Amino acid sequence: MSQVCNYCSKNEALSNLMIEIGQLRVSTLYLFREQTYKGRCIVALNEHHTEFFHLSQENQDAYMRDVAQAAAAVEKAFAPDKINYGAFGDTMPHVHFHIVPKYKDGYTWGKMFEMNPADNKQLTEPEYADIIGQLRAQL
Ligand SMILES: [Zn+2]
């Protein structure tokens, strides 16, 4: 039995973790439901590849432009003190970057961001819609 890719199938496991914000050049921008880091997003490549370096040069360039565009929107919308980037994928091996805004004196400032913070800060649907609206306005 082959492993299901949540990003490719856009299944319930994926929608339990994130909400689609919109389409970029070669990727999809998602809002991470866990919002300990306000504005935290994921940029997921649309095609299934397990490693960034497996992409053509053209797609590498387009994907990193998408990452930059998403991070710029997060900065404009929420004015974090720094943005962290994470690309791991041991258990979800489909190219995606975590865009994690960090705030001085905020959670794990000066340290590696936590993938799954203990507080598990889930918002209401109107609160998610508000954040998504602010990000879309800056894309
Ligand atoms: Zn995939």
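Because only heavy atoms are used, hydrogens play no part in the values below, and waters and symmetry mates are left out as well, while side chains stay in. This structure is a prediction, so every number in the text was calculated from the model and none was measured. In listed order, ligands and their atoms are each counted from 1.
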Backbone N/O of Glu127 and side chain of Thr124: donor-acceptor pair under 3.5 Å: yes

Donor-acceptor contacts under 3.5 Å from residues 128-137 side chains, at least two apart:
| unit_1 | atom_1 | unit_2 | atom_2 | d |
| --- | --- | --- | --- | --- |
| Tyr128 | OH | Arg33 | O | 2.8 |
| Tyr128 | OH | Gln122 | OE1 | 3.3 |
| Tyr128 | OH | Leu123 | N | 3.0 |
| Asp130 | OD2 | Gln134 | NE2 | 3.1 |
| Arg136 | NE | Ile21 | O | 2.8 |
| Arg136 | NH2 | Ile21 | O | 3.0 |

For Met92, the hydrophobic cluster (side chain heavy atoms closer than 4.5 Å, chained through members) also holds Tyr7, Leu14, Leu17, Met18, Tyr30, Phe32, Ile42

Value for CG (Asn46) from CD (Gln23), rounded to nearest 0.5 Å, stands at 5.0 Å

Checked the Zn ion (ligand 1): protein N, O or S atoms closer than 2.8 Å come out as Cys5 SG, Cys8 SG, His48 ND1, His94 ND1

For residues 70-88, dump all side-chain donor-acceptor pairs below 3.5 Å to protein atoms at least two apart in sequence or in another chain.
| unit_1 | atom_1 | unit_2 | atom_2 | d |
| --- | --- | --- | --- | --- |
| Asp81 | OD2 | Lys104 | N | 2.7 |
| Asn84 | OD1 | Lys102 | NZ | 2.8 |

(message) Determine whether a donor-acceptor pair (N or O, by modelled atom type, separation under 3.5 Å) exists between the side chain of His48 and the backbone of His94.
(response) no

